[in-house]
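To keep things clear, I will list the structure first and then write my remarks on it.
These values consider heavy atoms only, across backbone and side chains, with no hydrogens, waters or symmetry-generated copies. What you see is a predicted model; the values in this text were computed from it and never measured. Proteins come first, then strands; the chains are lettered A, B, ... in the order of their sequence lines, and each starts at number 1.
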Protein chains: 2
Amino acid sequence: MTADLRPGGTLSAPGVPHAPTLEEVAERAGVSRSTASRAINGGLKVSPEAQAAVDAAVAELGYTPNRAARSLVTRRTDSVALVVPEPDEKVLTDPYFAGTLQGLSAAFVQTEIQLILLIARKGEEAQRTGRYLRNGHVDGAVIVSHHRDDALDSVLAESRLPCVFVGRPWSAPRPMQYVDVNNYLGGRRATEHLIARGCRTIATIAGPLDMAAGVDRLAGWRQALQDARLSDEAMVRGDFTSASGAAAMERLLEAHAGIDGVFAASDLMAAGALSVLAKRGLSVPGDIKVIGFDDLGVAASTAPPLTTMSNPVVEMSRVAGELLLEQIAGQTTSFEPRIFGAEVVVRESA
Amino acid sequence: MTADLRPGGTLSAPGVPHAPTLEEVAERAGVSRSTASRAINGGLKVSPEAQAAVDAAVAELGYTPNRAARSLVTRRTDSVALVVPEPDEKVLTDPYFAGTLQGLSAAFVQTEIQLILLIARKGEEAQRTGRYLRNGHVDGAVIVSHHRDDALDSVLAESRLPCVFVGRPWSAPRPMQYVDVNNYLGGRRATEHLIARGCRTIATIAGPLDMAAGVDRLAGWRQALQDARLSDEAMVRGDFTSASGAAAMERLLEAHAGIDGVFAASDLMAAGALSVLAKRGLSVPGDIKVIGFDDLGVAASTAPPLTTMSNPVVEMSRVAGELLLEQIAGQTTSFEPRIFGAEVVVRESA
DNA sequence: CGCATCGATGAGAGCGGTCCCACCCCGGAG
DNA sequence: CTCCGGGGTGGGACCGCTCTCATCGATGCG
């Protein structure tokens, strides 16, 4: 306690240099705190001389504004949360998450904004997350991997915190802005691709049905089959992970004879399915054609390389970040979602 | 500006509820701000009645301390940075990174600490990162994926910011605390495993040589070969990614005849290598045995499943988080690194 | 030549906490 | 009975910043 007194006080610890304050910058520049502050924040109504003096002082001292002090008065924190409702490795190891991180960080690189990773846990922890978001600790939030029951949508809706979902949120008290890929159309196109390649008994490994991506891709698969008057019975759920994809493939092979095409709602699940097929000695695409969804690196390195649907997560997340910045600035004109297209990326598996 | 005046002032915007302040909690509890503060922070010298009243008021109001205000006076921020020196997908998509995230978040879940993701970019951006770390915006930092030339070690050394590296740092002005897996021994054991399985011409796909993990695993490979009086000539560098692993495998097959074993310094690179081998019609482990490093999910889902070295990243990172907490609390007794063992995980590729 | 205007400036009041300090009141010791 | 000690309390000074407001000189205009 005694060791860390401010310069305004008396002593300061020998080894620990304290961060320079605006006061010191002002003194060095020979201006008042007010002028220094103005010069640093955009320089309205600051004479060129004063500006130059302040700039020089800032550079010499290595000054960075104290965010806490600034935040206290501006009521902005210059930080946004990336909210992940699931704690486990399921989300974090998914390349989709990495893509989100990459896109967001790209959106914020030109700004002062820091990214806070908020891993929302269940139960009591969730309350804390809600409270954290509600009580002004961040200027906004991006939510990824949102599930139906994680209650995040309603918390955010009533908090009025600027926020953007990556992936369509469930219905909320007020409509929430989001970015997403067209999962329904993606699922349909993927299935149509299998049909065009000659498949007639087409199964799907669906994603979790408490996530929009899971439901919509499944709906697309179903629609394509109905349009082609093919059976839509061979459906097994997975959870987007490779292991669940493998398990699902096993169950499909047991329960349904004659499957010649599989639409997996994620590349990870498709990869799991491929390994099962390989183990059973089934050739891909010879015996069974497989198409995935995401195209985020995994697809290119499976054996055989996976035909899949593109999912522009990085770009989408970058847009999500920009939309969030707009919301924070109060410049949002429309809360319409931004939907991106998914294209078939043909490799070897279908 | 006019819309957001405090209750101490006069009006406040209709829709936007402001976060409750300590003042309001105190008033509701019928005590002073000081007492309320004491009750909230551990409750020394607070009567049971006062404590109960404050607790009740906190619950009713949904009060959370304003971090900015607290931080301003305590000079703590209750946040730590996870520093990633590379901006690109290379790091973020690596399961190693996901593991780090998971371990750290586990270490901090019981605390108030928030994790700030700091993606350090090159050049000018790097300066900003350094300044950010130096000027007290975070209480500490964990550095992952550190390269020789990213200058992070020296910045951190002179800043005296509590920090822990995940993965051995390069020499710095002062010794830095770190956690790591025993890469040297891991490389050696992996290679010895290949030798024990009968391989005689053993190549390696090394990691980046500006990272300790790259150098040390390579050294282990070399030592094992020298001990067995085998050639250590077949070495190609990768960058830990799957694509680089594939490219490296191509080069190895071109330049060196008769390779019957490959030690890849990461599972991702091993997976890339496997796909090349499959494409060439070489059987694994029949013609060539392959062993990887990391065992973080990828290994189990390659074809064939990959024999590899375990790398307890999650656990390691959790420890890194705890060590950081100790440093921040000033309770660090020893800056000794914490080294974890890597074990052979036998699957099918070797 | 006097007056309004305007750009540039500094003084000062907070923002919401923490913590030092003075104070009060009680019990136990002298 | 007085004095001391200490637990419990409230007052108030900050932390470093932003922003309003008053001031002031230089300018433009009637």
Does B/Arg75 make a side-chain donor-acceptor contact with the base of D/dG16, cut-off 3.5 Å?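 In this structure, the two groups form no donor-acceptor pair.
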
Could you tell me how far apart [X] ([atom1]) and [N] ([atom2]) are, to the nearest whole angstrom?
X        : N      : atom1 : atom2 : value
A/Lys45  : D/dC19 : NZ    : P     : 14 Å
A/Leu72  : C/dG17 : CG    : P     : 9 Å
B/Arg67  : C/dG16 : CZ    : C1'   : 15 Å
A/Glu49  : C/dG7  : CD    : C1'   : 12 Å
A/Asn41  : D/dC17 : CG    : P     : 10 Å
B/Arg33  : D/dG11 : CZ    : P     : 9 Å
B/Glu112 : C/dG17 : CD    : C1'   : 14 Å
A/Asp78  : D/dC17 : CG    : C1'   : 13 Å

Are the side chains of B/Ile116 and B/Thr77 in contact, using a 4.5 Å heavy-atom criterion? no

Output yes when a side-chain donor or acceptor of A/Arg131 lies under 3.5 Å from a complementary backbone atom of B/Thr64, and no otherwise.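 A pair under 3.5 Å: no.
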
With a 4.0 Å cut-off on heavy atoms, is [X] in touch with a base, just the backbone sugar-phosphate, or nothing at all?
X       : value
A/Ala50 : sugar-phosphate
A/Ser34 : base
A/Arg38 : base

If only side-chain N and O atoms of [X] are considered, is one of them under 4.0 Å from the OP1 or OP2 phosphate oxygen of [N]?
X       : N      : result
B/Thr35 : D/dG10 : yes
A/Asn66 : D/dC15 : no
B/Ser37 : C/dC19 : no

Please give me the minimum heavy-atom distance between B/Glu24 and B/Ala19, naming the atom from each residue. OE1-O, 4.2 Å

Indicate the atoms forming the closest heavy-atom contact of B/Ser317 with B/Thr100, along with that distance. OG-CA, 3.2 Å

Does the pair A/Glu322/A/Arg318 count as a salt bridge with the N-to-O cut at 4.0 Å?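 Counted as a salt bridge, because a side-chain N and a carboxylate O are separated by less than 4.0 Å.
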
